[in-house]
Amino acid sequence: MAVSLADSAAALPSRIGVVGGGQLAWMLAGAARELNIAVNVQTPSTDDPAARLAARLIQADLRDVEATRRLAVGCAAITFENEWVDLVALEALQLEGIRFLPSLQALEPLVNKRRQRELLERLHVPAPPWLPLEALIPASAPSPDSAADPVVSTPPAPAAPQLPEGWSFPVMAKAATGGYDGKATLLLREAIDLEALVESVDPADWIVEAFVAFSCELSQLVCRDQQGNVRCYPLVETHQHRRVCEWVLAPAAVPHAVEAFARNVATSLLTAIDYVGVLSIEFFYGPAGLQVNEIAPRTHNSGHVTIEAARTSQFAQQARIAAGLPMGPVDLKVPGALMVNLLGYESSTDSYDPQRRALAELPAASVHWYGKTTATPGRKLGHVTLLLQGGTAEERRREAMQRLAQVRRTWPLPPA
């Protein structure tokens, strides 16, 4: 008797699949192995970090639907390392009984920044004012010649894009899809920057947001299981270098009301779209209160600190949820922790063994090296987590900045 993919998946709940083979998939596979959960990986290159931990490797482009069909054989569910997936093409697999967690329907409003903003508006969640870039382009005015003589076919003169009434420069421009680590995100300081952007991109694929004067950036990691239970990790503070995450401090030193509001937003969002899995919400926090910056429907850089600092890491949690296991506890098991990204500061094929050894010798430090074969400025090559002992938020922050300085003596930031 033939066995369908859905039957096969149900028979083997200790195997999951992941589309993507980068460092997030690598850490997911490592956490799953400790839970006796095998992980199939779909990724283009055998050199990708997760390839070396894959129980079964499907070497293919991430948008290769036939490859995803092969990936799913024997898996309880398929999850994703990033949001660059063809949801429409994957619907055929879902109809065959292949289970995606999060579901394709839950991902649909999250994989596009414009749809994210529309979702937040529907849910009345605070976020910076925004507009589609195309909305800033006035209708072209007819040329003087064509207005005087309708026979003349002079094309309309293009109108310069302009901000709506009440807006002022600077503003942020973001590609609706494909941007990460500061890519496809631009600060427009004046009208000439806006004009240059409109001339160089498809305005239908970009949005513009009001610039937010914030005191700090925060991230809320949240998870929801297949039964609808929601758990929120402690809120963390994040710091960016050239729009790439530089370090994360856990827990964030903010009032309890801010923590509660972030948890309420996260719980409401996941419940509203029936999202199953791990998700991160990035917030601005400042004079205007808490505002959603972006939503990442997956495990997230700001959650790496949970590997050493929380009772259940974000990667173990995602593996548990995908395999149908109960979620683990999300509270911190240490007073605090600092996670520092090891960003490439040069173009090189060096393995950086001396630097990695020096970082590992720092007190209460854990180094995670992703095994990428080339370094370029700003590329995430690994991270180091340093456990903190301070009893108060002020003590932990002072300790964190001292530990950050120790890391920087071994591993400098990429040049500006």
Side-chain angles (χ1 to χ4, degrees), residues 6-7 9-19 24 28 31-32 35 37 39 72 75-81 83 85 87 90-91 93-95 97-111 115-116 118-126 219-236 259-283 290 292 294-300 302-303 306 310-332:
D7 293 337
L12 292 170
S14 60
R15 181 180 295 266
I16 62 175
V18 57
V19 178
L24 298 180
L28 172 64
L35 295 167
I37 300 170
V39 177
C75 289
I78 300 298
T79 189
F80 303 96
E81 182 187 44
E83 47 272 42
V85 292
L87 298 180
L90 290 174
E91 286 179 358
L93 303 189
Q94 186 169 259
L95 291 173
I98 294 174
R99 192 173 198 185
F100 295 99
L101 294 179
S103 69
L104 305 183
Q105 290 73 23
L107 285 172
E108 192 277 334
L110 302 179
V111 297
R115 293 202 291 270
Q116 279 190 21
E118 292 167 347
L119 172 66
L120 295 173
E121 287 181 345
R122 291 197 300 272
L123 298 178
H124 304 289
V125 173
S219 180
Q220 176 65 70
L221 192 68
V222 58
C223 45
R224 183 171 182 266
D225 67 14
Q226 298 181 37
Q227 289 71 46
N229 302 304
V230 179
R231 291 185 177 177
C232 293
Y233 284 83
L235 198 64
V236 301
E259 297 179 51
F261 188 69
R263 288 196 299 268
N264 288 340
V265 167
T267 302
S268 299
L269 175 68
L270 267 63
T271 303
I273 62 175
D274 195 18
Y275 184 98
V276 175
V278 174
L279 175 147
S280 177
I281 305 176
E282 299 176 32
F283 290 98
L290 206 60
V292 173
E294 291 183 7
I295 304 168
R298 50 176 167 77
T299 54
H300 191 254
S302 65
T306 63
R311 291 173 63 192
T312 307
S313 78
Q314 65 168 342
F315 301 104
Q317 203 74 286
Q318 181 70 9
R320 284 176 171 273
I321 293 169
L325 300 176
M327 288 191 293
V330 296
D331 53 310
L332 298 183

Whether T79 side chain and L101 backbone form a donor-acceptor pair below 3.5 Å = yes

How far does CZ of F100 sit from CG of L87, to the nearest 0.5 angstrom?
-> 9.5 Å

Quick one: closest heavy-atom pair of L332 and P234, and the distance?
-> CG-CG, 3.8 Å

CG of L279 to CD of Q318: how many Å apart, nearest 0.5 Å?
-> 10.0 Å

Under the criterion side chain to side chain contact (heavy atoms under 4.5 Å, CB included), which of L104, L107, I98 is the partner of L90?
-> L104

Short N-O contact, R298 and E83, less than 4.0 angstrom = yes

Evaluate the side-chain proximity of L119 to I273: yes if any heavy-atom separation is below 4.5 Å, no if none is.
-> yes

Indicate yes or no for a side-chain donor-acceptor contact from S268 to the backbone of V265 under 3.5 Å, with no hydrogens or angles considered.
-> no

Which atom pair, heavy atoms only, marks the closest approach of I37 to A319?
-> CD1-O, 3.8 Å

CA sep, side-chain torsions, deciding dist, call: V222, L270, side-chain contact (heavy atoms from CB on, under 4.5 Å) = CA-CA 9 Å; V222 58; L270 267 63; 3.8 Å; yes

Closest non-hydrogen atom pair between I321 and Q226, with its separation = O-NE2, 2.8 Å

Hey, does the side chain of Q317 reach the backbone of G328 with a donor-acceptor pair shorter than 3.5 angstrom?
-> yes

So, does S280 use its side chain to make a donor-acceptor pair with the main chain of L221 at under 3.5 Å?
-> no

Mark yes or no for whether E81, through its side chain, and V19, through its backbone, hold a donor-acceptor pair below 3.5 Å.
-> no

Hey, is the main chain of E108 close enough, under 3.5 Å, to the side chain of R115 for a donor-acceptor pair?
-> yes

Which pair of non-hydrogen atoms, one from A316 and one from L35, has the smallest distance, and what is that distance?
-> O-CD1, 3.8 Å

Are I281 and L269 side-chain neighbours, meaning at least one heavy-atom pair lies under 4.5 Å?
-> yes

Does the pair R320 and D225 meet the rule for a salt bridge (charged side-chain N to carboxylate O under 4.0 Å, His left out), with working shown?
-> CA-CA 9 Å; R320 284 176 171 273; D225 67 14; over 6 Å; no

Is there a donor-acceptor pair closer than 3.5 Å between any side-chain N or O of R231 and the backbone N or O of M327?
-> yes

Sub-4.5 Å side-chain heavy-atom contact between F315 and V278 = no

Rounded distance [0.5 Å steps], SG in C223 versus OH in Y233 = 5.0 Å

What is the minimum heavy-atom distance between C232 and Q220, and which atoms define it?
-> CB-NE2, 3.5 Å

Please name the pair of heavy atoms, one in S219 and one in L235, separated by the smallest distance, quoted to 0.1 Å.
-> O-CD1, 3.4 Å

For E91, enumerate each residue passing the salt bridge (Lys or Arg N to Asp or Glu O under 4.0 Å) test, keeping only those at least two apart in sequence or located in another chain.
-> none

What distance do F261 atom CZ and L290 atom CG have between them, rounded to the nearest 0.5 Å?
-> 6.0 Å

Can you tell if the side chain of Q105 reaches within under 4.5 Å of the side chain of D274, non-hydrogen atoms only?
-> no

Under 3.5 Å donor-acceptor, Q116 side chain and L110 backbone = yes

